[in-house]
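Remarks on the structure that follows.
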Amino acid sequence: MSKLLVENEGAVRTLCLNRPESLNALDNELLTALGRAVADADKDKSVRCLILTGAGRGFSSGQDLADVAARYQSPEPIELGAHLREKYNPLIVRLRTIEKPVIAAVNGVAAGAGCSLALACDLRLAAESASFIEAFVNVGLVPDSGSTFMLPRLIGIARAMEMACTGRKVTAAEALQIGLVNQVVPDDQLAGATKKLADKLAGLPTRAIGLTKRAINAAWTSDLETQLDYEAMLQTTAGQTKDHREGVTAFLEKRSAKFTGE
Ligand code: T3D
């Protein structure tokens, strides 16, 4: 059985981490498959929304710790940074820059780099039984895979420091309250609610959503004047899409727009 399940339904592609026996711990094979799958979805114009979820009772428990321990056998000094640069960092950048919406359907615990993966998605829907753990500190490590970047931006520095320094489990209800997730639904409704949202997003002007993502990413490290100018530049691009014309025409003709993503 493949460690990553890929399923297409209309314009929505679902990537499902499939190592349920370890709560979808991320080993090299799974990380490589996930990196390739996100890159493929990026290039494939028929995909207009991506869902990331986990099989079984976990979303992802983060880096496979058995693989980490196996590295202790080597006489070479342990170089976790090299592993991050090779496997995780390109994946996180790809999730943040792929110009289509990415939904994390957080079906269970998201710990360590598994939590970082969820944070790198654009929207997070959580099952009531899901939880978020910045587990790195529990194994003497620093939050990685973008957690130190995304977490304070989503929930503020004080809360991010508390989660990162204590490794405390944050429930789905608390995650909703502090702005870590967009929506919490009963466990048996997560797949349906995610599909409904994904179908909606996949029917919207994909180019405009991609450019919006670019703008919001840029705003994190920008100033107002630079950002205003960047918005103007992106708007020129959006204004030249077929979907822009279709949106305006449909409005004036008092009908629903039929967006194609072009
Ligand atoms: O090399 C690098 O690139 C460094 C990068 C590091 C990035 C990181 O992600 S560091 C953080 C790694 N993750 C963790 O520290 C989390 C470890 N897991 C846990 O703390 C707990 O499993 C959970 C809180 C996530 C869930 O607890 P619980 O009680 O619901 O489940 P469990 O019984 O602990 O786990 C179920 C099984 O999954 C169990 O296996 P078993 O006993 O049934 O055979 C457990 O060993 C396995 N498992 C859980 N997490 C991992 C794992 N196996 C390997 N790696 C894991 N991360």
Side-chain angles (χ1 to χ4, degrees), residues 1-5 15-36 38 52-96 104-121 124 126-152 154 160-175 180-181 187 190:
M1 183 63 100
S2 172
K3 291 181 181 178
L4 183 73
L5 305 177
L15 306 180
C16 180
L17 309 173
N18 189 32
R19 298 188 71 210
E21 68 287 353
S22 62
L23 307 176
N24 304 313
L26 302 162
D27 66 2
N28 277 350
E29 191 183 330
L30 177 53
L31 282 167
T32 303
L34 185 56
R36 281 203 192 117
V38 178
L52 181 60
T53 193
R57 71 176 178 92
F59 176 75
S60 170
S61 58
Q63 169 61 36
D64 189 313
L65 293 178
D67 282 4
V68 173
R71 288 181 236 157
Y72 301 155
Q73 309 309 319
S74 162
E76 300 296 317
I78 296 186
E79 250 279 15
L80 296 186
H83 188 241
L84 287 172
R85 288 191 190 96
E86 186 196 347
K87 294 288 178 197
Y88 286 96
N89 296 2
L91 170 62
I92 298 300
V93 169
R94 184 76 81 161
L95 284 169
R96 287 305 322 136
V106 187
N107 53 301
V109 65
C115 186
S116 304
L117 267 187
L119 300 184
C121 297
R124 279 158 293 285
E128 273 170 355
S129 66
S131 57
F132 297 82
I133 312 176
E134 288 286 323
F136 307 87
V137 69
N138 300 337
V139 289
L141 293 179
V142 175
D144 63 28
S145 308
S147 260
T148 61
F149 188 85
M150 297 300 300
L151 198 61
L154 286 167
M161 279 299 284
E162 196 254 337
M163 274 186 78
C165 295
T166 65
R168 180 173 72 81
K169 176 159 111 177
V170 168
T171 63
E174 183 182 353
L180 195 55
V181 298
D187 289 12
L190 181 67

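Along the sequence shown, residues carry numbers from 1. Counting starts at 1 for both ligands and their atoms, following the listed order. All of these numbers come straight from a predicted model, not from anything done at the bench. Side-chain atoms are counted along with the backbone in the values below, which use heavy atoms only and exclude waters and symmetry mates.
- Among all protein heavy atoms, the one lying closest to atom 37 (C) of ligand 1 is Glu21 O, 3.5 Å.
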Go through Ile92 and Phe149 one step at a time and tell me if the side chain to side chain contact (heavy atoms under 4.5 Å, CB included) criterion holds.
-> CA-CA 11 Å; Ile92 298 300; Phe149 188 85; over 6 Å; no
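- The side-chain hydrogen bond (donor to acceptor under 3.5 Å, both in side chains) test applied to Glu79 returns no partner, not counting sequence neighbours.
- The two residues Ser147 and Pro143 come nearest to each other via the heavy atoms CB-CB, 3.8 Å.
- Closest approach of Glu128 and Ala172 over heavy atoms only: O-CB, 3.6 Å.
- Nearest to atom 23 (C) of ligand 1 by heavy-atom distance, out of Leu23, Ile78, Asn89, is Leu23.
- Of all atoms in ligand 1, listed by their number and element, those nearer than 4.0 Å to a heavy atom of Gly62 are 9 (O).
- Atom CZ of Arg71 sits in a crowded spot, with more than 12 heavy atoms from other residues, nucleotides or ligands closer than 6.0 Å.
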Kindly indicate, with the supporting measurements, whether the criterion side chain to side chain contact (heavy atoms under 4.5 Å, CB included) is fulfilled by Asn107 and Asp187.
-> CA-CA 7 Å; Asn107 53 301; Asp187 289 12; over 6 Å; no
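- The shortest heavy-atom contact between Ala110 and Cys115 is O-CB, 3.4 Å.
- In terms of modelled atom types and a separation under 3.5 Å, the side chain of Arg57 and the main chain of Gly108 share no donor-acceptor contact.
- Checking only distances, Ala113 does come within under 3.5 Å of ligand 1, N or O to N or O.
- Close contacts between ligand 1 and Leu80 involve ligand atoms 1 (O) [criterion: under 4.0 Å to a heavy atom].
- Atom 30 (O) of ligand 1 is approached by the protein to below 4.0 angstrom, counting heavy atoms only.
- The heavy atom nearest to atom 24 (C) of ligand 1, out of those in Ile133, Leu141, Asp64, Asp27, is found in Ile133.
- Atom OG of residue Ser116 and atom CD of residue Gln63 lie 11.5 Å apart, to the nearest 0.5 angstrom.
- The nearest non-hydrogen atom to atom 11 (C) of ligand 1, considering only Ser147, Ser145, Gly112, comes from Gly112.
- The shortest N/O to N/O separation between Arg71 and ligand 1 falls below 3.5 Å.
- Distance screen at 4.0 Å: atom 20 (O) of ligand 1 has no protein heavy-atom neighbour inside the cut-off.
- From the protein, the heavy atom lying nearest to atom 10 (S) of ligand 1 is Phe136 CD2, 3.7 Å.
- Once rounded to the nearest 0.5 Å, the distance linking CG of Asp64 with CG of Leu23 reads 11.0 Å.
- Proximity of Leu34 to Leu52: side-chain heavy atoms (C-beta onward) are separated by under 4.5 Å at one or more points.
- For atom 57 (N) of ligand 1, the closest heavy atom belonging to the protein is Gln63 O, 2.9 Å.
- Of the options Ser61, Gly56, Pro20, Ala111, the smallest heavy-atom separation from atom 13 (N) of ligand 1 is shown by Ser61.
- For atom 44 (O) of ligand 1, the protein comes within 4.0 Å by no heavy atom at all.
- With ligand atoms numbered from 1 in the order given, ligand 1 contributes 54 (C), 55 (N), 56 (C) to contacts under 4.0 Å with heavy atoms of Ala25.
- Not a single protein heavy atom sits closer than 4.0 Å to atom 41 (P) of ligand 1.
- Looking at His83, Lys87, Glu134, it is His83 that brings a heavy atom closest to atom 3 (O) of ligand 1.
- Nearest-heavy-atom check against atom 54 (C) of ligand 1 across Val68, Asp144, Leu117, Leu65 picks out Leu65.
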Side-chain donor-acceptor pairs of residues 25-33 under 3.5 Å, sequence neighbours excluded:
unit_1	atom_1	unit_2	atom_2	d
Asp27	OD1	Glu29	N	3.4
Asp27	OD1	Leu30	N	2.9
Asp27	OD2	Lys3	NZ	2.6
Asn28	OD1	His83	NE2	2.7
Glu29	OE1	Lys3	NZ	3.1
Thr32	OG1	Asn28	O	2.8
Thr32	OG1	Lys87	NZ	2.7

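- Less than 4.0 angstrom separates atom 26 (C) of ligand 1 from at least one non-hydrogen atom of the protein.
- Smallest separation of non-hydrogen atoms from Phe59 and Ala118: CE2-CB, 3.8 Å.
- For atom 47 (C) of ligand 1, the closest heavy atom belonging to the protein is Ser22 CA, 3.8 Å.
- Per-atom contact check: atom 1 (O) of ligand 1 touches the protein, criterion being a heavy-atom distance below 4.0 Å.
- Which of Arg19, Arg57, Glu86 comes nearest to atom 32 (P) of ligand 1 through a heavy atom is settled by distance: it is Arg57.
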